[in-house]
Structures are given as C-alpha cells and as structure tokens.
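Reviewing the structure listed below.
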There are 2 protein chains.
Amino acid sequence: MPRIGMEPLRRKALVEATLRTIGQQGSLDVTMSEIAREAGVSPALAHHYFGSKQQLLVATIRSLLARLRTDAVSALENVETPRERLSAIIRVSFQADQFAPETVAAWLAFYVEAQRSEEVRRLLVIYARRLRSNLLDSLERLCPPDDAARIAEGVAAMIDGLYIRQSLRSAPIGSTASMTLTEDYLDLQLRPFLRQDAPGTLAPNSSHRRGE
Amino acid sequence: MPRIGMEPLRRKALVEATLRTIGQQGSLDVTMSEIAREAGVSPALAHHYFGSKQQLLVATIRSLLARLRTDAVSALENVETPRERLSAIIRVSFQADQFAPETVAAWLAFYVEAQRSEEVRRLLVIYARRLRSNLLDSLERLCPPDDAARIAEGVAAMIDGLYIRQSLRSAPIGSTASMTLTEDYLDLQLRPFLRQDAPGTLAPNSSHRRGE
DNA sequence: TACAGTTGATTGACTGATCAATCAATAAAA
DNA sequence: TTTTATTGATTGATCAGTCAATCAACTGTA
C-alpha cells in the first residue's frame, strides 16, 4: 500500500534499524536482510534507497554523530563558566543512551571499520576533533595552552577508555562512577591553576561520592 | 616435501599469519585463504590443524595475551618498589610492539568479537583483570584500598583510551607522550599519599618532558 | 638391505550456504 | 499515464568447511 513521500521515513527507519541491529549483534557483520527485517521492509528497498550496504552504514554513523552533536549543543547552552562547561561535556559522554551497551557496541564496531574505510575514519576523526576542541576551549580559560592541550588529551583518553571498558562489561563500573573518575581527574589536573580566592576544596583526597 | 613434526611449526606460523593479516586488514573479516596464503600453506591445512576459523582466531588471541603476559612478567622481575612496578606496568602497555598500529588494530578487532563470542570475551576479561590486579597490588602498598581501587580503574581506563585513540591515528600522540600522560595521572593521584620524608617534588605542575 | 605397510603432511577440487546487488513486475497515487 | 513505492525471484561472488588423493618419511620385518 504505497503512500507517497515515504522516502524520508524509510531512510530514517532503515538507519535506526541498522543501529539497533549492529547494537544487538555487536558487530558490523549484519546483513541487509536483517536490517530490512528489523525495519519491516524488504532487502531490496534498502538497496533502492541507499544504493549499497556501505552507504547505509555511513549514513548510520552520520546519524550517531549527529545525535551526539545535538546532545552536546543542548547540554552546553546556558552553561557559562568554563568548569561547568567541562562537566557538561563529560556528562553528555556518559549519558544513559550514549553509554548503553548497544550504543557502545556500535561505536566500537565503527572504530574497527575505520581501519578499512577512509570515509568512516574521516567521520570518526571529526568526532575526536570536536571533543578535543570543546575541551580545549574551556580548558584554555583555566590554564596555559600547553597544559590545556595535555589535559584535554588526558580527559579524552579517559572518556574513550571508560567506554571501551564498558563494552567488556567486566569492570564493575557504571556511568555514574565513570563520570566521577573523569571529574576527579579534571579536578586534580586543574588544582594547580585554581584561583586562590576560591574557598575551601583543599582536602588532600579528591574522591567524593563513588559507586553507583 | 612433508617432513615429520610439522604440526607445532605450522600452528605457530598460522597464528602469526592470522595476527599479521588481521593487523593489515584492520578487522576480523579475514578469510582462511588470506591467512593460509600469508602463512604459505593451503587453506585446507589451516582447517586440518585448527578445525575451524573460530578456533584459529581464539588461538591467535591466546598468543597475543601470552605475549603480553611474558612481557609483563619480565618487566616486573627485579623491580622492587611499588611505584617502580607501576611504571613498569605502564611501560609494557606502551612498548613499541604493543603499540604498533597492527597490534592495536588486532586488539580492537578482538574487542568487537568479544561482543559475540563468549570465549573471546572471557579471554579479554582475563586480560582486564590481570592488568587491574597488577595495578592494585602495587597501589595498595601506597594508599588505602578504596583509593587504590579507584586509581587502578583510572589508570586502566587511561591506558585503554590511549590505545583506542592510537587506532584512529587522529590524535598526534605517540607512545612516549602516552606514557607521560599516564605517569602524570598516577603522580597526581598518589601525591596526597606521599610519605612526607621524601624530598622535593612539590612543584605545582607535574608535567615533565612531553611530546615525542 | 629391500620392501611392504603405516602414519603424518599437504593439497586441489568440490559443496553448500550466505549475501549483496539487480531487475522485472505490481500496485497505488498523482 | 506517469511517477513513486515496493517486492519476489534471481544472479554471481565469496567463503568456510569437507574429502579423497598424493607424497614423503618412518617402522618394522624377512
């Protein structure tokens, strides 16, 4: 029962089905049939709209990146101080939907795909650069540029590392504990540059609440 | 020209060929033909010795883990103080051959495979646990158990994160800089617990040499 | 020493399954 | 009628896994 104007709907449904299928399966080894079944259409239709499997995959990564971007943008609006902006960036990374096993699995799979596909690699590099530049913007208001670069690299590595460890589900560490770890790192790195007029916060141990 | 006693040689050659092929290709999507060609034998022989592709892959992961283990053991012998042991652990993780793009790609691919294969997952969990327990052993001699656990988690995440970022070749960060970042993190986390009789080392900023 | 039989090593050729991609056909909407 | 949506059927390629056959090295043993 073909209605007109289905194209955008089908594209969206197929991309979402791809993400779901990859997440469930935990790898990019998903067939067009599986994706199409998940989307409730025939495999032929997926080809009709996307031309090839590779293009459907790329569209899916794009949508993942777009979601992350809008999350980040909305998390950063109305947040003024550099330190609060840093916390907002961290919070977005460990938001429930970003940290869900399915999403983590999909990200991981795309990292692997980046080894082979120049296009996928370019997209992921864009993500890495955006994270880095978001962190740098705020950090450079809090410390000298050299230190800002170093700290940004460290925070980014810690975020990515907590992600990959989440994928194994071995380390008993949830999103709350992950955020705390990253925040602690940031606090500790920034301590030497703290304005002296700020009160308190000079306890030797920076670990606050922990666990989840 | 079949000589007798080839089995161990062939097994070894096939495992090494698997590692090389995965590293070059950047994913586990390698065919038995490619692996066999790389090892200089026929695909049938690979099946003869390993039974299935999956078993060959598992054997390959085992060998990767074994290499890491012997590296770690030899790096830790004759190293006495807890702090030096921590540095040794970090050094092993970023050793040239462990940090080589090919090896990183293989590790990444195995993380993805762990999503699907319970056996692969178990093996990687063993690696994660071993790293964690190595770190914990030394850390608990330097600070209270709660803090040791927290710091171990952070160091492990940072190591894994620097690994995954290395795979994208986007962040211009080499093995030396990676080690420095991790060491800095450790220094900063351990500072509150430093014995007061230790001299010097009280500069506000812990970043020493940097870059690479 | 010669030689028949056994065992391990190795492969080419084949099979069966899977899957991406194509295409011609159908059906509704404009 | 033209356009858009949709699919079943099919094709061609790829691959893991199997199998029977070959070849060389050992093991008696007469």
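Numbers restart at 1 for each chain; the letters A, B, ... are given by sequence-line order, proteins then strands.
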Rounding to a whole Å, what distance do you find between [X]:[atom1] and [N]:[atom2]?
| X | N | atom1 | atom2 | value |
| --- | --- | --- | --- | --- |
| L45(A) | dA24(C) | CG | P | 18 Å |
| R11(A) | dT4(D) | CZ | C1' | 14 Å |
| F50(A) | dT22(C) | CZ | C1' | 18 Å |
| R37(A) | dC19(C) | CZ | C1' | 12 Å |
| D29(B) | dT18(C) | CG | P | 17 Å |
| L28(A) | dC19(C) | CG | P | 15 Å |
| L9(A) | dT4(D) | CG | P | 16 Å |

In plain terms, say whether R37(B) and E34(B) are close enough for a salt bridge, that is, a side-chain N and a carboxylate O under 4.0 Å apart.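 A salt bridge is absent here (no side-chain N lies under 4.0 Å from a carboxylate O).
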For [X], what residues pass the side chain to side chain contact (heavy atoms under 4.5 Å, CB included) criterion, not counting sequence neighbours?
| X | result |
| --- | --- |
| S93(A) | I159(A) |
| E38(B) | A17(B), R20(B), T21(B), Q24(B) |
| S74(B) | E77(B) |

Taking only N/O atoms, report every protein-nucleotides 16-18 of chain D pair under 3.5 Å with atom names and distance.
unit_1  : atom_1 : unit_2 : atom_2 : d
dA16(D) : OP1    : K53(B) : NZ     : 2.9
dA16(D) : OP2    : M32(B) : N      : 2.9
dG17(D) : OP2    : H47(B) : NE2    : 3.1
dG17(D) : OP2    : K53(B) : N      : 2.7

Got a list of side-chain donor-acceptor pairs under 3.5 Å for residues 133-140 of chain B, not counting sequence neighbours?
none

Inter-end axis angle, the helix from dT1(C)-dA30(D) to dA30(C)-dT1(D), with every axis fitted to five base pairs (rounded, 10 degrees):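 The helix from dT1(C)-dA30(D) to dA30(C)-dT1(D) shows an end-to-end axis angle of 10°.
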Exercise for review: Sequence neighbours left out, what pairs pass ring pair (Phe, Tyr, Trp, His ring centres under 6.0 Å) with at least one residue falling in residues 121-149 of chain B?
Suggested key: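 Residue pairs with at least one partner in residues 121-149 of chain B: W107(B)-Y127(B).
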Please list all pairs meeting ring pair (Phe, Tyr, Trp, His ring centres under 6.0 Å) that have one or both residues in residues 61-103 of chain B, counting only residues at least two apart or in different chains.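 Output for this query lists F94(B)-F99(B), F99(B)-Y163(B).
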Phosphate contact (dT4(D) OP1 or OP2) by R10(A) side-chain N/O below 4.0 Å: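 Answer no for this pair, as no side-chain N or O of R10(A) is under 4.0 Å from OP1 or OP2.
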Can you sort out the partners of R130(A) under side-chain hydrogen bond (donor to acceptor under 3.5 Å, both in side chains), two or more places apart, ordered by chain and number?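 Partners of R130(A) under the side-chain hydrogen bond (donor to acceptor under 3.5 Å, both in side chains) test: none.
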* Asked: Does V79(B) offer a backbone N or O that forms a donor-acceptor pair with the side chain of R85(B) under 3.5 Å?
  ->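 It does hold such a pair.
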Would you indicate what Y49(A) reaches in the nucleic acid, counting non-hydrogen atoms under 4.0 angstrom: base, sugar-phosphate, or nothing?
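Contact class for Y49(A): sugar-phosphate only.
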